[in-house]
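Each remark here refers to the structure printed beneath this line.
As the structure lists them, so they are numbered: ligands from 1, and atoms in each ligand from 1. Side chains included, hydrogens not; waters and symmetry mates left out as well; all remaining heavy atoms used.
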Amino acid sequence: MKTALILGITGQDGSYLAELLLGKGYDVHGVIRRASTFNTVRIDHLYRDPHEQDVRLHLHYGDMTDGSRLLTLVESIQPDEIYNLAAQSHVRVSFDEPTYTGDVTGLGAARVLEAVHMSGLNTRYYQASTSELFGSAAPRQNEETPFQPQSPYAAAKLYSYWMTRLYREGYGLFAVNGILFNHESPRRGETFVTRKITRAVARIKAGLEDYVYMGNLQAKRDWGYAPEYVEGMWRMLQAEEPADYCLATGQAYTVQDFLVAAFEHAGLDWEKHVRFDERYLRPAEVDFLWGDPSKAEAKLNWHSEVTPMQLAAMMVEYDTKALEHHGAHYVDQVPLAWWPYRVEANDD
Ligand code: NAP
Ligand code: GDD
């Protein structure tokens, strides 16, 4: 049985990755932040009382700003694999909190890499790098495209990208960068644009709100489905040699395209309900991200299945059902059809 440590287990990707690894028989350790309210809603369905037999999900308090705690965790857990998904991951917020973002999202990765290096373990390390690194570089982007970051978030991720390469090339660590284009799901954070739209559609349809206020509708993104992307992360750590890979659908749409699809799926006229608010503009925008996943397809046999327009429909369906449950959050049970790798994973 392998042991994995997931930093950022309470996030969108962390929750799907925990499911995937538990399904493959891993012992999964996750780091959560101490908060005055519960912040484990995305993984509560995986949690079992530690007094039960054969519990394979273990949660530990920790923070990416606390290097000594990270070293203690690495040395005591001795993981075969570390997935560093922890970050202040919101681009707009990074303009308000640039140094905090640099500390958590940039230096945080260096703290983990150094902990692995100091421990002397043969731990494989996955770094959650991002298509935001490409910034203003012309599409389509792939592993060879030069980085032109356009936000404090992207600058922090640029640092963690290069630290990952440095520990690979300098110290021989099995350390890889997954350069992932935007990926979404019913578990997406509520202030990212897709989820903001699909929640608004559900609330407008239910008569709870009349309008949603949006920023730049002309930005283009390559939106994929998060469960497929966590499968790609795992495949990167199973490869014979460490290397960096882009994961993307290869299809790009404007924010407006996604918005229209979401409103139409609910039978609503978007023009009656969408208003502009400049507070959602960014000091510098990333206009066009459109990925080329050929390397991951060829070397990892990884393929995306769910299209951006299918995602819009799926997320509207979820948010509509969530409201029917009196607004209470409930975790989506991913239908098998949307989880193409799951059956294969259980057979491993
Ligand atoms: P997310 O939902 O925002 O989750 C971020 C995770 O990091 C949460 O578990 C969060 O904990 C944790 N975290 C934040 N600050 C922390 C700190 N100081 N110490 C410890 N943990 C901390 O992000 P995601 O969408 O799952 O993305 C996962 C990773 O991939 C992120 O690094 C993101 O930047 C990167 N990425 C995402 C995408 C995408 O489209 N989703 C694309 C490319 C790269 P709390 O729950 O307590 O806040
Ligand atoms: N959040 C948000 N809210 N974005 C809006 C809005 C709005 O009201 N209106 C327009 N947008 C535009 C943004 O300006 C941006 O061009 C686009 O919608 C997508 O914004 P987000 O969903 O916030 O995502 P992001 O592309 O900035 O960043 C996400 O993807 C990156 C990978 O490319 C995050 O998940 C990052 O962590 C990730 O690295």
Exercise. If you measure from each heavy atom of Arg187 to ligand 1, is any distance below 4.0 Å?
Worked result: no
Exercise. With only distance considered, is Gln12 within less than 3.5 Å of ligand 1 through an N or O on each side?
Worked result: yes
Exercise. Taking non-hydrogen atoms only, is Asp13 closer than 4.0 angstrom to ligand 1 via side chain, backbone, both or neither?
Worked result: both
Problem set entry | Min heavy-atom dist Ser129 to ligand 1 below 4.0 Å | yes
Problem set entry | Cation over ring face, Lys220 and Trp290, 6.0 Å, 45° | no
For this session: Answer yes or no on whether Arg187 is positioned over the face of Tyr16, meaning its NZ or CZ is under 6.0 Å from the six-membered ring centre and within 45° of the axis.
Result: yes
For this session: Drop me the distance from Glu231's CD to Leu300's CG, to the nearest 0.5 angstrom.
Result: 10.0 Å
For this session: Could you tell me whether ligand 2 has any atom less than 4.0 Å away from a heavy atom of Arg279?
Result: no
Exercise. Do any N/O atoms on Ala128 end up under 3.5 angstrom from N/O atoms on ligand 1?
Worked result: no
Problem set entry | Contact (N/O only, under 3.5 Å) between Thr65 and ligand 1 | no
Exercise. Is it the side chain (CB and beyond), the backbone, both or neither of Lys157 that lies under 4.0 Å from ligand 2, heavy atoms counted?
Worked result: neither
Exercise. Does the N or O separation between Tyr280 and ligand 2 drop below 3.5 Å for any pair?
Worked result: no
For this session: Using a 4.0 Å heavy-atom cut-off, say whether Arg188 meets ligand 2 through its side chain, its backbone, both or neither.
Result: side chain
Problem set entry | Gap between atom CG of Leu46 and atom CG of Leu21 - 0.5 Å precision | 11.0 Å
Problem set entry | Contact (N/O only, under 3.5 Å) between Gly11 and ligand 1 | yes
Seminar exercise, completed: shortest atom 3 (O) of ligand 1-to-protein heavy-atom contact is with Ser89 OG, 2.7 Å
Exercise. Is the side chain of Arg221 donor-acceptor paired with the backbone N or O of Ala252 at a distance under 3.5 Å, no angle test?
Worked result: no
Seminar exercise, completed: Nearest non-hydrogen protein atom to atom 47 (O) of ligand 1, with distance, is Arg33 NE, 3.1 Å
Exercise. Is Asn84 in polar range of ligand 1, meaning some N or O pair under 3.5 Å apart?
Worked result: no
Problem set entry | Donor-acceptor contact present, side-chain His273 to main-chain Glu271, <3.5 Å | no
Exercise. Purely on distance, is any nitrogen or oxygen of Ser131 under 3.5 Å from one on ligand 1?
Worked result: no
Exercise. Can an N or O of Asp63 be found at a distance shorter than 3.5 Å from an N or O of ligand 1?
Worked result: yes
Problem set entry | Top protein contact for atom 36 (N) of ligand 1, by heavy-atom distance | Tyr153 OH, 3.9 Å
Problem set entry | Residue, atom name and distance, where the atom is the protein heavy atom closest to atom 12 (C) of ligand 2 | Asn216 O, 3.8 Å
Problem set entry | Proximity of Met64 to ligand 1 by residue part, where a heavy atom lies under 4.0 Å | both
For this session: Say whether Tyr61 and ligand 1 are in contact under the criterion: heavy-atom distance to a ligand atom below 4.0 Å.
Result: no
For this session: Please state whether Phe192 comes within less than 4.0 angstrom of ligand 1, counting heavy atoms only.
Result: no
Problem set entry | Part of Thr191 within contact of ligand 2 (heavy atoms, under 4.0 Å) | backbone
Exercise. Counting from 1, what ligand 1 atoms have a heavy atom of Asn39 closer than 4.0 Å?
Worked result: 47 (O)
Exercise. Counting only heavy atoms, which portion of Val193 has something under 4.0 Å from ligand 2: side chain, backbone, both, or neither?
Worked result: both
Exercise. Purely on distance, is any nitrogen or oxygen of Gly215 under 3.5 Å from one on ligand 2?
Worked result: yes
Problem set entry | Lys NZ or Arg CZ of Arg275 over Tyr211 ring: under 6.0 Å, within 45° | yes
Problem set entry | Closest heavy-atom pair and its distance - Val230, Leu20 | O-CD2, 3.9 Å
Exercise. Any nitrogen or oxygen of Arg188, main chain or side chain, under 3.5 Å from a nitrogen or oxygen of ligand 1?
Worked result: yes
For this session: Take every heavy atom of Met214, measure it against each atom of ligand 2, and state whether any distance is under 4.0 Å.
Result: yes
For this session: Classify the contact between Ser89 and ligand 2 as side chain, backbone, both or neither, using a heavy-atom distance cut-off of under 4.0 Å.
Result: both
Problem set entry | Per atom 40 (O) of ligand 1, closest listed option by heavy atom (Gln88, Glu184, His183) | His183
For this session: Indicate, as side chain, backbone, both or neither, the part of His90 found under 4.0 angstrom from ligand 1 when only non-hydrogen atoms are considered.
Result: neither
Exercise. Glu132 near ligand 1, heavy-atom distance under 4.0 Å?
Worked result: no
Exercise. Quick check: does any side chain N or O of Arg42 sit under 3.5 Å from a backbone N or O of Thr10, one acting as donor and the other as acceptor?
Worked result: yes
Problem set entry | Cation-pi, Phe192 ring and Arg195 (6.0 angstrom, 45 degrees) | no
